[in-house]
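Take a look at the structure set out below.
Per chain, numbering begins at 1; letters A, B, ... match sequence-line order.
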Amino acid sequence: IQAGISDYLKIVNDAGGVKGRKVRFAFEDTAYKVDASVAVFNKIVAQDKPNLYYGDSTAFSKTINPELERSGQMIMAGASFATELNDPKKYPLQFMAGPDYTEMFGILLRYIAKEKPGAKVAFVNSDTEFGRDPIATSEKKAVELGLKVVEKIVTPPGSVDVSTEVLKLRRSAPDYTIFHGYVMAPIPEFIAQAKQMGMTSKFMGTFWSMDNSMVQKMGELADGFMGVMPYRYYYDEDGNAPMLAKIRQMRPEYQSTPYMQGFLTAMLMVEAAKRTLDKGEPLTGKTLKAALNSIKDFDTGGIIGVPISVPGNSIPVGRIYKADVQKKLMVPASDWIKLEQ
Amino acid sequence: MAAEPILEVNNVEVIYKKTIQVLRGLSLAVPRGEIVALLGSNGAGKSTTLKAISNLLALENGAVSAGHIRFAGTETAAKRPHELVRAGLFHVMEGRRIFDELTVEENLTAATYARDGKSGSAAARFELVYEYFPNLHTRRGVRAGYLSGGEQQMLAIGRALVAEPQLILLDEPSLGLSPKLVEEIFAIIARINAEQRVSMLLVEQNAAVAFAVASYGYIMETGRIVIDGPVERLTRDQDVREFYLGLGGHEGGAKSYRDIKHYKRRKRWLS
Amino acid sequence: METDWLLLFEVSLAGLGTGGLYALTALAFVVIYKATRVVNLAIGEILMLGAYAFFGLAAGWALPWWAAALGALAVAGLFGAVVERTVIRPMLGESPISVFMVTVGLGSVLIGIVEIVWTADPHRLPEFMPNAPVFIGEAFLAPKIAYSFLVAAVVIAVFVLLFRFWRGGVALRATANDQAAAYSMGINVPGVFSLAWVVACMVAAGAGILVGAIGGISSTMGVFGLSVLVVVIVGGLDSVPGALVGGLLIGLVEALAGIYLGGEYKLLATFTLLIAVLMVRPYGLFGTHEIERL
Amino acid sequence: MAGDGTPILEVDALTLAFGGVRALSGVTFPVARGSITSVIGPNGAGKTSLFNSISGFYRPQGSVRFEGQSIERLAPPKRAKLGLARTFQNIALFRGMTVLDNIKLGRHAHMRTGVLDALFYLGRARREEMELRRDVEERIIDFLEIDHIRKAPVGSLPYGLQKRVELARALAMRPKVLMLDEPVAGMNREETEDMARFILDVREEWGVTVLMVEHDMGMVMDISDHVVVLNFGQVIAQGLPRDVQADPQVAAAYLGSGNVDDLRAKLGADARKVA
Amino acid sequence: MRIASAKESYATDEALFDSAVQRAWFAVLLLALALFPFTVNQYWAYLACLAAINVISATGLNILTGYTGLVSLGQAAFMGVGAYTVAVLEARLGTPFLLNLLLGGCMAAAVGMVFGIPSLRVKGLYLAISTIAASFILHFVFANWTSVTKGVSGINVPPARLFGIDLDTPFKLYWVIVPLAVLMLLGAANLFRTRVGRAFIAVRDRDISAEVLGIPLLRTKLTSFALSSFYAGVAGGLWAYFFRVVTPESFPLLMSIFFLAAIIVGGMGTILGGILGAVFMTLVPELLKLGVGVVSPFWPEAAVVLSPVRTVVFGALIVGFLVFEPQGLTEMWRRTRRFFHLWPFKT
Ligand SMILES: Nc1ncnc2c1ncn2[C@@H]1O[C@H](COP(=O)(O)OP(=O)(O)OP(=O)(O)O)[C@@H](O)[C@H]1O
Ligand SMILES: Nc1ncnc2c1ncn2[C@@H]1O[C@H](COP(=O)(O)OP(=O)(O)OP(=O)(O)O)[C@@H](O)[C@H]1O
Ligand SMILES: [Mg+2]
Ligand SMILES: [Mg+2]
């Protein structure tokens, strides 16, 4: 992620910065532990007095929110797409560079509803905050779209053997199975066993399990795996994507989707800063966020295939990609899907 | 002494934890086939001496810092403890140290490791142990931790019998035993010594029985030998009689514990 | 809702299959405990090391799977020997808490190293087990689980026989009971220590390869060790049959809880079972009671 | 003394079995107030088990009466509080504490300081601790001549001193009956004499009744008023030391020849037999 | 040796700081603690608070594990109980800050006692593992008792208020957390001057003999569990006010291991050990970060491997201390003191 951020900032600074101001980037690793993250936050705030902050986990974003509001100095984005954070009232100074998890599910479900109206859907999620996040609301959403949620399976965090879960899944014979809350394991074994048992379900994932290098590690099993992705993949040469070209020029080897996330976040932050300065306002949390929300039909240089707006805390846009095992690539399976607020 | 002694200890010093010196230039020898007694008050360093000989000090953060120990002509320092045991030096440690979680029979099995490289059947030695100590036979399937103190002592000596060593270091075998059992065990010790020609270095608090079986005695205080000599000579020594045998009463008879004075005469060798 | 007997049967089979892996890892744990009285909390991480070593050899060096497996076992054995020599042996005579914390530290070091070398991203092991589904009657059993169970069963059987009929079993327990006394019986105490660690690490690595083949490998796969901990406690820390029974039992309970209560109840069920067993049998089902006398 | 004539401690028909082993069967004897009573018997006869039953660690059948009151249902700490103090066959000192703290610990059951008092160390906690310190220093430490080691950790002390600290701890328990399990085992003659003197003095100066298990016949016969002999968990004889000593059954089961010269003669005979 | 120095009375001999020099040093230390926040920026104030919270919890664990010999891997979970209690009280009822802390401690103590019940029968490492069960069962409760704990999303905690001031920065909280830590440490130290503390140690060293000597085992063990969890609960309550959000994943098993590591590194069974260990283990990650700052100009990737390196260092510290300095930092501290005591006469 931080590579994405720093690369974009390099592009900006090389082009003369934001209104003549250089953007400085301080990075610290936090190991996704809340207290470590808070420590880092305090340290960076004390030393660098930043206006733009990129945090990590959901828990951190929640923890730090009161402090963020108190200081009022900056806006923050993070690695998390937690639904809860997508509430401008509760988290007025935060945003995320993509759809939240519920919106991701929404995009998937919309796709399913279109492909196969009335399909049977199963949700499989890990027993973590991350895993549980969209499940309850998405179930309602599915019903609204005329889909049937036939099974919801929860796996303990870090569990390796899922054979019992697969047995359970088979009984409900879903047309689509959506995994959420995993990076990779136990998805491959799930699919392997399901295929061995002759299940016909299609399998889907959300952002964190959709990076191409991850999916391709599944080998044969990846065939037909699909999921939602808000950004174009690194190698995607379709359409008009000058930014992707630039990235490929800066970094000749494959860059992961979290890189894109970082890149886009930096882009939005810089844009917000630019708009604030354009208006001649001081850089504070409030002004930055207002500027951010003023972004309408913004061209991301092709990172996202359609112009975007940031109405609240998220960008509810995404596209369904599908693994192509021969090409070892994720290829688009749908057009860009925009959720209306 | 004509033949070379089976065990020779020369000017040995031992230090615990790099700070506490316990032995200060101790020397002694055990002639082949003999029983030698080593007496001394609590904390004099008797057990330490035995551990130094069997190379077990390292386990307690102790080390021999000077001097030599030779067993059957070779330096013990060069060998690791289990090699020494297999070479025929068996240490019956203070406090019995039976494996309390193992059964009686498994305890004996463990001792068969000391026989590695020896011919002859261990099973026969088991028989011998059970013959000497019939109690053990009846309780052979019981976890040794549940044996009474005396039974545990029998087991400890039984293990030495299984090992069939050339030299046994015996640390307080009479500790906690009934008078009758003390006699029996010492009779067995004497028998083992006589029948198997096993040499022994015997550490004891019960001087009377120790002198009954030993031919030569050493007495140590604070890490060094203060007197030594053949047992006959030691039993005539006034201090030994008073402080070790309790014989200093009037007319040289046994003195009663009821008559103990509240002051004490100092031992000559401490002055 | 009527009972779906086939499902129950299939789930039980799957549970027992996983239980076999638990039992195998628990065996590694028990061997170390039996010989050295060390509660090795790093067993999950050693398992992970084995899996990564296999991964490195099979995917990185492109060795055939059997060579990679042997290589991984060798790496783990070597690791065991080195750890025993440099870390465990100096701890002789320290309190059990200290020694067990040492293994916690070791586990942490292993995780860090694996993350430095292979990053924190998960990987998949190359396929090496037959892929055809296994059916017992009508019931489906995932092939990997079935074959892993077979391997585990064979290894455990070998160990049960060894402990029963080999004098070394006594040496092992004697050493654990009283090191100085074991020395004075002529038992090569450091040798026993090394042997136990080497063998246990190899067993754990073997389990790691199997577990990795099923669920993929990642730097967090050590949490598998947590379930194993429950297994050995339920079975009794020093009992090989305990490891077996405990493993199967926990595997079964997890599977049933997962199906009939939901995945979030798995851990709750096993830990509740753990406490219940301990309240009734404080030394697990088959563990040796500590002798308490005054 | 109250209730003169009645024994301070009565053991009545105690029976205790471990699996197949009968450690005690129908053991009955009195301990007279102010006496020194010794229990002797072969190894494994059940002496320690008897002590454990009296202090409540084992739960045998039968009854134990202390000052006329049945105590067999009481938990060990309650019995300690009543005035049953003891030492252990295998020294049971607390290695993590100094000598002073080990001794102080003996008073535990007689103090009332609670957790809150302790955290603030005011009022009752301070008062009680000061009283205890004074009592331990002036009565026990002085008496047993261990002032030089009061701050030493017990682990590093020689065996004999450790036994003395155990005695001190038992004395701090405000004992009415002091139970000593092999107080002089592993001691040489000289140390045994010291210990014998302490035991006699405790009885004289503090009026404490002593119940003792010991294998050192010299000491047992010299200082006891009453001797109880156990064999295979049964009382096979009891009475005055010299009567017990003369009992042929006791001699056969326990005492052996009792004479070192005999032993030597016997050994000589054995050796000749072999030769 | 100290024995030789004449003491006027038993009272002085029994005092916590038994010489004027020690009392003077203690005063200096208190003064330093009082001045500290004025001399540093928010980041250091933050670290100081976090360290103080950890010190409280580690000291609690030390009472249970170091002094009573009952190994517990549930300390973080008991902190969680305290934190949740405080969070619920503060967010729902708005009861006063200090009262909440006290109730948080008491609640944790009660829960700790419940999980301490097996300790009567279950010994040693079996017990240690059964406390892991506490950790998981409590986690389950936090995550699933949605009506009270709000499930996985957790509870946001309003800032603590004292005398009408919102304690919403580390700087302000410092004035509550650090004095509280000092008080609780003094309490713990006092404990071991009395029968209660002695009973703990006795249970650790030989539990069954202790019982015959008049110490009721279950009661003592439960007291120890309760006290230890009380400390954890208060620490957890402070944690809640400090981080202002409490989620089920805030108190993982790893955190319990952290505390165990802290008392081992510091030195088990000494009050000083809990302090040194907790402070040290809190600061190590920061030191590592400094280290990364130093090398990153030469090795730009340094920051990326920081996280695994931290994992390695955490483990290596535990192993290193146990192997080379089993008595922990306390022993190093003593050695240093001895050195300066004797200096320049002896090395
Ligand atoms: N592991 C150890 N560390 C430090 N000091 C020790 C150690 N073992 C023994 N000592 C000390 O060394 C001295 C001699 O101990 P040793 O056990 O050899 O005496 P002993 O003559 O056998 O006495 P006893 O009659 O009590 O068995 C004692 O003062 C003891 O405190
Ligand atoms: N907890 C126990 N479990 C099983 N058997 C026991 C237990 N305690 C004692 N025994 C057995 O009970 C018998 C009596 O033991 P006890 O320790 O009372 O003997 P003792 O008279 O004190 O012997 P010694 O003089 O050797 O100390 C022995 O045979 C012993 O093995
Ligand atoms: Mg000795
Ligand atoms: Mg006894």
Side-chain angles (χ1 to χ4, degrees), chain B residues 50-51 53-61 80-103 105-118 122 142-149 152 155-156 159-160 162-165 168-169 171, chain C residues 30 33-37 85 88-96 98-99 162-195 236-240 242 282-284 286-294:
Chain B
L50 297 195
K51 281 181 240 166
I53 295 169
S54 60
N55 241 345
L56 287 175
L57 277 176
L59 291 178
E60 297 179 22
N61 287 317
R80 293 191 291 159
H82 65 277
E83 293 168 345
L84 269 180
V85 180
R86 292 176 190 182
L89 187 153
F90 197 91
H91 184 171
V92 178
M93 289 199 283
E94 182 171 27
R96 294 145 196 166
R97 302 294 279 269
I98 45 112
F99 301 113
D100 55 6
E101 303 198 339
L102 273 53
T103 63
E105 186 134 321
E106 284 168 339
N107 264 277
L108 297 180
T109 307
T112 59
Y113 276 87
R115 303 175 52 83
D116 281 8
K118 270 196 202 79
V142 173
R143 281 217 273 157
Y146 291 122
L147 298 181
S148 84
Q152 293 185 354
L155 182 56
R159 289 193 306 200
V162 169
E164 238 186 317
I168 303 181
L169 310 176
D171 202 344
Chain C
V30 168
Y33 186 81
K34 253 178 134 63
T36 64
R37 277 300 129 80
R85 188 61 260 258
I88 302 300
R89 211 177 297 168
M91 295 294 297
L92 282 185
E94 300 287 340
S95 84
S98 305
V99 189
L162 272 184
F163 278 110
R164 165 123 329 152
F165 295 112
W166 179 46
R167 188 174 64 143
V170 171
L172 225 63
R173 286 159 57 212
T175 305
N177 198 181
D178 185 335
Q179 288 144 15
Y183 245 139
S184 77
M185 296 296 111
I187 294 170
N188 181 355
V189 171
V192 169
F193 266 56
S194 297
L195 184 71
L237 280 173
D238 58 352
S239 162
V240 175
Y283 296 93
F286 299 93
T288 318
H289 285 235
E290 205 180 290
I291 291 176
E292 291 190 338
R293 285 182 74 178
L294 281 176

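A distance of 9.5 Å separates CZ in B:R97 from CD in C:Q179, rounded to the nearest 0.5 Å. Within the model, atoms OG1 of C:T175 and CZ of B:F99 stand 7.0 Å from one another, a figure rounded to the nearest 0.5 Å.
The shortest non-hydrogen separation linking C:I187 to B:H82 is O-CB, 3.4 Å. Closest approach of B:P81 and C:Y183 over heavy atoms only: CB-CD2, 3.3 Å. Heavy-atom minimum distance, C:G186 versus B:R86: O-NH2, 2.8 Å. Smallest separation of non-hydrogen atoms from C:S184 and B:M93: OG-CE, 3.9 Å.
With hydrogens and angles ignored, the 3.5 Å screen pairs a side-chain donor or acceptor of C:N177 with a backbone N or O of B:D100.
Residue B:R96: no heavy atom, backbone or side chain, is found under 4.5 Å from chain C. Only the side chain of B:L56 comes within contact range of chain C, judged by heavy atoms closer than 4.5 Å. Contact annotation for B:R143: only side-chain heavy atoms (C-beta onward) come within less than 4.5 Å of a heavy atom of chain C. Proximity to chain C (any heavy atom under 4.5 Å) is restricted, for B:D116, to the side chain, taken from C-beta onward. Proximity to chain C is absent for every atom of B:A163, based on heavy atoms less than 4.5 angstrom apart. For C:A176, no part lies under 4.5 angstrom from a heavy atom of chain B.
Between the side chains of B:T109 and C:R167, not a single donor N or O lies within less than 3.5 Å of an accepting N or O.
Salt-bridge formation is detected for the pair C:R173/B:E106: a Lys NZ or Arg NE/NH1/NH2 atom is positioned less than 4.0 Å from an Asp or Glu carboxylate oxygen.
Taking the side chain as every heavy atom from C-beta outward, B:N107 and C:M185 never approach each other to under 4.5 Å.
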